[in-house]
Amino acid sequence: MGRSGPALCAAQSCQGSPPSLAAARRLPQRAVPAVSAAMAARPVTLGIDLGTTSVKAALLEAAPGHPSGFVVLASCARAARAETASVAAGPQGKEQDVSTIIQALNECLDALPRQQLQRVGGIGVSGQMHGILFWKAGQGCEWTEGGPGLVFEPRAVSHLITWQDGRCNSGFLASLPKPASHLSVATGFGCATIFWLLKNSPEFLKSYDAAGTIQDYVVAMLCGLPRPLMSDQNAASWGYFNTQSQSWNLEILEVAGFPVHLLPDIAEPGSVAGRTFHTWFEIPKGTQVGVALGDLQASVYSCMGQRTDAGLEVEESAVYSRMIQAAAQQKDTHLTITPTVLGERHLPDQLASVTRISSSDLSLGHVTRALCRGIVQNLHSMLPFQQLKEWGVERVMGSGSALSRNEVLKQEVQRAFPLPVCFGQDVDAAFGAALVMLQRDLSQKVL
């Protein structure tokens, strides 16, 4: 299921708080109004999510009196529209233009209130997992004047080969060495893509000496890192990573001739990767930037209220209002839809199917209800109720734009999981990435 599409801000536009909610604090080399010590001490954190189809940004401020502990000062999203053709892999390749993604990011930052950006003390970043891009260390971007402060523009950077990439077929995957990992390797995984390029485009790999996910790239550029840092979340999504030892399968990869110098260094999620190398828009130089998170983990984190919660994320796809309305009126159906049009990572040949078809179950309501049920049942098969019960899970927290906009999906989630189900509102990866940094800052202040 894809990431959400066009800009998704409140009322379909970028919104911010009134100036009175974003009083500026004194920053080095800036003349700003004096404010009370209580307001100046409140951390403001920027969260960024670099999704498959959109880029989101959110500003959060600590609010001890609020039930959630924070308030959202402003948020914005921009459609990336970054898809581009793959010269090497043809129609099976799924690639995106990095410059287009960064342009969408710049538009998001430019739309946020400048007075609030001046108060940012930490930046959290998340993004689409599994995918990979390459760049030349020290030459990955160029900082230029771009309105308020500096912006960076990609240089010496490859396309982003996304998690949806299908160039590694079953035969090719079977030829790869078995990883020492809790995950098998699938097409779209960063390490599988490198293996494919090593075999089919070896000259391409010689052009670069650094690699990471799109979110790792952004963190590296913001901080001027000589080598990219990667959280174990993103490392596991690449394959050939052992989460118990927190290390790459170097011996296995080296024997196979894999260019291990391209593997990023590993850092703990929630830790600081570095500090901003330049003033970025109105965000001060020297602002802490967290190690990039996976978008799934960040989305779940944004809605987790306690340790006995389980997170369920469903992103928006091509589900339209008329279909949802028709399915809401159709309370049940015998029609059965298995929605795995692209197969599963562990079973790429298990494609979609429609069964139990009858003339009475072919209305728009029946089909949409069956599709929503199939999506939820597919998720439930990966995380069955019995497993949740063994783990002590007491509540399911639903997130993702599809759930927030689709009452039928909500009904099917409640039907599939015999546990209390709560659906969040401001629950996406941008908020989760900001929350990680915000709560880190608060815990340090307590200590």
Side-chain angles (χ1 to χ4, degrees), residues 2-9 12-14 46-58 75-112 123 125-136 139-167 188 190 193 197 204 207-208 210-222 228 234 278 280-281 292 295 315-318 401 428-430 433:
R3 305 289 299 174
S4 54
L8 295 176
C9 299
Q12 297 297 316
S13 64
C14 300
L46 170 67
I48 295 168
D49 178 49
L50 303 153
T52 308
T53 58
S54 65
V55 174
K56 301 178 183 179
S75 64
C76 188
R78 288 289 185 268
R81 299 187 179 91
E83 292 76 15
T84 189
S86 173
V87 176
Q92 297 302 316
K94 297 295 182 181
E95 300 184 7
Q96 293 184 335
D97 186 285
V98 175
S99 294
T100 305
I101 297 173
I102 300 304
Q103 177 60 35
L105 174 61
N106 289 338
E107 291 175 4
C108 278
L109 269 291
D110 193 40
L112 294 176
I123 301 173
V125 184
S126 71
Q128 52 179 293
M129 302 171 71
H130 305 294
I132 185 171
L133 70 148
F134 305 85
W135 66 92
K136 290 184 179 180
Q139 304 177 52
C141 75
E142 180 181 0
W143 287 86
T144 61
E145 290 289 342
L150 298 175
V151 298
F152 70 91
E153 299 177 359
R155 297 286 186 271
V157 174
S158 74
H159 285 164
L160 167 64
I161 302 173
T162 77
W163 60 276
Q164 298 172 313
D165 192 77
R167 70 187 67 196
T193 300
L197 292 168
F204 171 88
S207 302
Y208 304 100
T213 64
I214 181 64
Q215 56 268 32
D216 297 322
Y217 166 77
V218 168
V219 169
M221 298 305 105
L222 288 178
N234 290 318
H278 296 280
W280 186 39
F281 288 87
D295 54 356
E315 288 297 341
E316 185 181 28
S317 55
S401 54
D428 68 19

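What you see below is based on every heavy atom in this structure, not just the backbone, and it leaves out hydrogens, waters and symmetry mates.
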Novice: Does Asp110 reach the main-chain N or O of Glu107 with its side chain, forming a donor-acceptor pair under 3.5 Å?
Specialist: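 Flag not set: sc Asp110 to bb Glu107 has no pair under 3.5 Å.
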Novice: Look at the side chain of Tyr208 and the backbone N and O of Leu133, then say whether any donor-acceptor pair between them is shorter than 3.5 Å.
Specialist: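 Side chain of Tyr208 to backbone of Leu133, a donor-acceptor pair under 3.5 Å: no, none is there.
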Novice: Using the side-chain hydrogen bond (donor to acceptor under 3.5 Å, both in side chains) criterion, which residues pair with Ser158? Sequence neighbours excluded.
Specialist: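 For Ser158 there are no side-chain hydrogen bond (donor to acceptor under 3.5 Å, both in side chains) partners, ignoring immediate neighbours.
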Novice: Is the shortest side-chain heavy-atom distance between Leu46 and Leu109 below 4.5 Å?
Specialist: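 With C-beta onward as the side chain, the pair touches.
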Novice: Got a donor-acceptor contact below 3.5 angstrom from the Asn234 side chain to the Ala292 backbone?
Specialist: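 Yes: the side chain of Asn234 pairs with the backbone of Ala292.
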Novice: For a 4.5 angstrom cut-off between non-hydrogen side-chain atoms, does Leu160 reach Gln128?
Specialist: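 Side-chain contact under 4.5 Å: yes.
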Novice: Using a 4.5 Å cut-off on heavy atoms from C-beta on, say whether the side chain of Ile161 contacts that of Leu197.
Specialist: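 In contact.
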Novice: Identify the heavy atoms of Ala104 and Ala79 that sit nearest to each other, and give their distance.
Specialist: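 It is CB-O, 4.1 Å.
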Novice: A side-chain contact here means heavy atoms from C-beta on lying under 4.5 Å apart; do Trp135 and Pro154 qualify?
Specialist: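 In short, these two side chains do not touch, never coming nearer than 4.5 Å.
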Novice: For a quick check under 3.5 Å, do Ser126 and Asp49 share a side-chain donor-acceptor pair by atom type?
Specialist: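 Indeed, the side chains of Ser126 and Asp49 share at least one donor-acceptor pair under 3.5 Å.
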Novice: Measure the spacing between SG of Cys141 and CD of Glu153 and express it to the nearest 0.5 Å.
Specialist: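 Reported to 0.5 Å precision, the distance equals 9.5 Å.
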Novice: If I take atom CG from residue Leu222 and atom NE2 from residue His278, how far apart are they, to the nearest 0.5 angstrom?
Specialist: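 Leu222 atom CG to His278 atom NE2 measures 10.0 Å (nearest 0.5 Å).
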Novice: Backbone N or O of Lys94 within a donor-acceptor pair of the Asp165 side chain at under 3.5 Å?
Specialist: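 The answer is yes, because a donor-acceptor pair under 3.5 Å joins these two groups.
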Novice: Can you tell me how far apart CD1 (Ile48) and CG (Leu105) are? Round to the nearest 0.5 Å.
Specialist: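 Answer for the CD1-CG pair, Ile48 versus Leu105, is 5.0 Å.
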Novice: side-chain contact (heavy atoms from CB on, under 4.5 Å) between Ile102 and Val218: does it pass, once the steps are laid out?
Specialist: CA-CA 8 Å; Ile102 300 304; Val218 168; 3.9 Å; yes
Novice: Shortest non-hydrogen contact from Glu95 to His159?
Specialist: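 Taking Glu95 first and His159 second, the nearest heavy atoms are OE1-ND1, 2.9 Å.
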Novice: Which heavy atom in Ile101 sits nearest to a heavy atom in Ala82, and how many Å separate them?
Specialist: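 Smallest heavy-atom distance, with atoms named: CG1-CB, 3.7 Å.
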Novice: What residues form a side chain to side chain contact (heavy atoms under 4.5 Å, CB included) with Gln139, not counting sequence neighbours?
Specialist: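 Listed in chain order: Lys136, Ala156.
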Novice: Side chains of Thr162 and Gln96: do they bring a donor and an acceptor to under 3.5 Å?
Specialist: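 No, Gln96 and Thr162 have no side-chain donor paired with an acceptor closer than 3.5 Å.
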Novice: Which heavy atom of Trp280 sits nearest a heavy atom of Val151, and at what distance?
Specialist: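 So the minimum-distance heavy-atom pair works out to CD1-CA, 4.3 Å.
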Novice: Could you tell me which non-hydrogen atom of Ala88 sits nearest to which non-hydrogen atom of Arg167, and how far apart they are?
Specialist: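 It is CB-NH1, 4.5 Å.
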Novice: Going by heavy atoms in the side chains, are Trp163 and Asp295 under 4.5 Å from each other?
Specialist: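 A side-chain contact under 4.5 Å is absent here.
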Novice: Decide yes or no for Arg81 and Gln103: does some side-chain heavy atom of the first lie under 4.5 Å from some side-chain heavy atom of the second?
Specialist: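 No, too far: nothing below the 4.5 Å cut-off.
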Novice: Determine the minimum heavy-atom distance between Ser86 and Ala89, stating which atoms define it.
Specialist: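 Where Ser86 meets Ala89 most closely, the heavy atoms are OG-N, 3.1 Å.
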Novice: Measure the shortest side-chain to side-chain distance between Thr100 and Thr84 over non-hydrogen atoms and say whether it is less than 4.5 angstrom.
Specialist: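 With C-beta onward as the side chain, the pair stays apart.
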Novice: Ala211: what forms a side chain to side chain contact (heavy atoms under 4.5 Å, CB included) with it, not counting sequence neighbours?
Specialist: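 Counting only residues at least two positions away or on another chain, Ala211 forms a side chain to side chain contact (heavy atoms under 4.5 Å, CB included) with Ile132, Phe134, Trp238, Leu262.
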